[in-house]
Each structure stands twice: as structure tokens, then as C-alpha cells.
Amino acid sequence: MIETERLLLRMPQLEDVDDLLEFVGDAEVMRWVGGEAGDRAATIEMIERWRARWDENGVGQFSVVLDGHVIGRVGLLVWDSRTWATSSYSEAGPNAQTELGWALARAHWGHGYATEAARAAREWVYAERGVVRLISLIEPRNVRSVRVADKLGATPEQLVSTHHCPAVVWVHPR
């Protein structure tokens, strides 16, 4: 668990499903995270996938909690830089890239929560997991996420192609 001034970051739980439906069911939110809007079953599947990644990699998505309600997620995903497909540390080996990502329900955009949560997750992964290079993959038209990356002091490095879309690799400072 990580606490910030306004937020709590914690492991995702199946009990988060009702709150996360606001996130997963919104096509505008899901547009930027590479998926289609989904229902309750899709939300449960997403939570289970997040938990499995924690088990496999020792890093993963945190549920972002504001005033007792989950408003989205922030956390870590492993990519294989040979293919820019999601992977695991064991599968990608030396080609593993750790990504810091964030996504909130639309009602919570524009309040600084994504920046606050991402900064805390970044500090945690550097201090607790020994990650030496941290990136964010951001679709160039996602101006809100570009703004968050900029506020975090990340710098754009290159354009890559993922299965979902082209993305700029933003490199985070230590």
C-alpha cells in the first residue's frame, strides 16, 4: 500500500469491480488504454489479469482509491522491446521494459490525481523493486497523458508500434 496526500494505492481486489465499471465501461477511457468498453465480466477479468501480473512480475497495477472509492488504476506493466507486446520479465529477459501507466474514470480527470498517483508509484518501483529504467508508452494524440508525463519530468525518446497503436516512449527520471 502506498499513501499520498489524497490517494491510497493498493493491490486490486475483486471487490473493486463496481467502482471500476465506471472506468472499464467508458469507451473514451478505454480508447487510451488499448481496449473496448466492457461490462462487469470484463471488469472482473481485468482485475484478475492485474493480480496475475503482480504474481508473475512482482509489479503490477494498483487500484487508486479516493475517499473510499476506486477511481482507476496506476502501475507497472512489462513490455518486450523486440515486439512492443506485453510480456513478463522472465519471457522478455534483457529486452524487458517496465512501463508506468495511469488511467482514471473520466469524472476524475483534471484534478491532478493521475500525476499524484504516478509519482508515488514511480518512487515505489525505483526504491522497492530496483527498476533502473522506467518508461511510459503514450499514444501521441493522448494530450492528457502527455501532460502527466511532462509534469513527471519524463522525456520523449522514440516512436514505436504496439498492437494497439503507435506510441511515444517517454523515459522517466530517477
Side-chain angles (χ1 to χ4, degrees), residues 1-79 85-89 98-125 127-129 131 134-139 141-149 151-152 162-165 167 170 172:
M1 244 186 325
I2 302 169
E3 290 187 53
T4 70
E5 183 180 330
R6 302 177 292 172
L7 306 170
L8 173 68
L9 310 181
R10 62 158 172 75
M11 289 287 290
Q13 303 167 0
L14 286 177
E15 293 78 26
D16 298 343
V17 68
D18 291 330
D19 288 344
L20 284 171
L21 267 169
E22 183 181 358
F23 166 101
V24 176
D26 187 332
E28 180 65 14
V29 173
M30 295 305 290
R31 166 186 178 196
W32 302 116
V33 296
E36 300 290 324
D39 58 8
R40 184 178 183 80
T43 306
I44 291 169
E45 182 181 310
M46 184 175 288
I47 293 168
E48 290 173 343
R49 188 170 53 250
W50 292 346
R51 292 179 62 86
R53 288 181 176 148
W54 273 102
D55 291 341
E56 186 169 22
N57 295 311
V59 298
Q61 300 295 329
F62 291 99
S63 289
V64 178
V65 182
L66 172 68
D67 298 329
H69 297 284
V70 177
I71 63 169
R73 57 99 173 135
V74 66
L76 298 309
L77 186 61
V78 178
W79 292 83
T86 56
S87 189
S88 66
Y89 289 128
T98 306
E99 181 199 15
L100 172 61
W102 49 84
L104 302 177
R106 197 176 343 177
H108 302 285
W109 291 0
H111 300 283
Y113 299 134
T115 304
E116 183 177 331
R119 183 173 285 117
R122 180 176 71 189
E123 290 171 6
W124 175 84
V125 76
E128 300 297 325
R129 294 299 187 256
V131 168
L134 188 63
I135 65 167
S136 290
L137 294 173
I138 303 174
E139 208 265 30
R141 294 174 297 168
N142 188 345
V143 295
R144 290 180 178 276
S145 279
V146 166
R147 197 167 336 149
V148 171
K151 287 179 185 177
L152 293 168
T162 70
H163 72 283
H164 170 65
C165 64
W170 288 76
H172 287 270

Specify the closest pair of heavy atoms between [X] and [Y], including all atoms of both residues, with the distance to one decimal.
X	Y	answer
L9	A120	CD1-CB, 4.0 Å
T162	A167	CG2-CB, 4.3 Å
G75	Q61	N-OE1, 3.3 Å
V78	S88	CG1-C, 3.6 Å
E22	A107	OE2-CB, 3.5 Å
G110	R144	N-NH1, 4.1 Å

Minimum side-chain heavy-atom gap [X]-[Y] below 4.5 Å:
X	Y	answer
R129	W124	yes
R73	I47	no
T115	W102	no
V64	E116	no
T86	W79	yes
L100	L76	yes
L14	E48	yes
L104	H111	no

Keeping the roles fixed (side chain from [X], backbone from [Y]), state whether a donor-acceptor pair exists under 3.5 Å.
X	Y	result
R122	L152	yes
N57	Y89	yes
R51	P12	yes
E99	L77	no
W50	G60	no

From [atom1] ([X]) to [atom2] ([Y]), nearest 0.5 Å:
X	Y	atom1	atom2	answer
R119	K151	CZ	NZ	9.0 Å
L7	S63	CG	OG	12.0 Å
M11	M1	CE	CE	11.5 Å

Option from I135, V148, V146 for which side-chain contact (heavy atoms from CB on, under 4.5 Å) with W170 holds: V146

Candidate list D16, L20, V17, test side-chain contact (heavy atoms from CB on, under 4.5 Å), partner I44, passing option: V17

Neighbour count >12 (heavy atoms, 6.0 Å) for atom CD, Q13: yes

L66 and H108: CA distance, side-chain angles, deciding distance, side-chain contact (heavy atoms from CB on, under 4.5 Å) verdict: CA-CA 10 Å; L66 172 68; H108 302 285; 4.1 Å; yes

Lys/Arg-Asp/Glu bridge criterion (N-O < 4.0 Å) met for E45, R49: yes

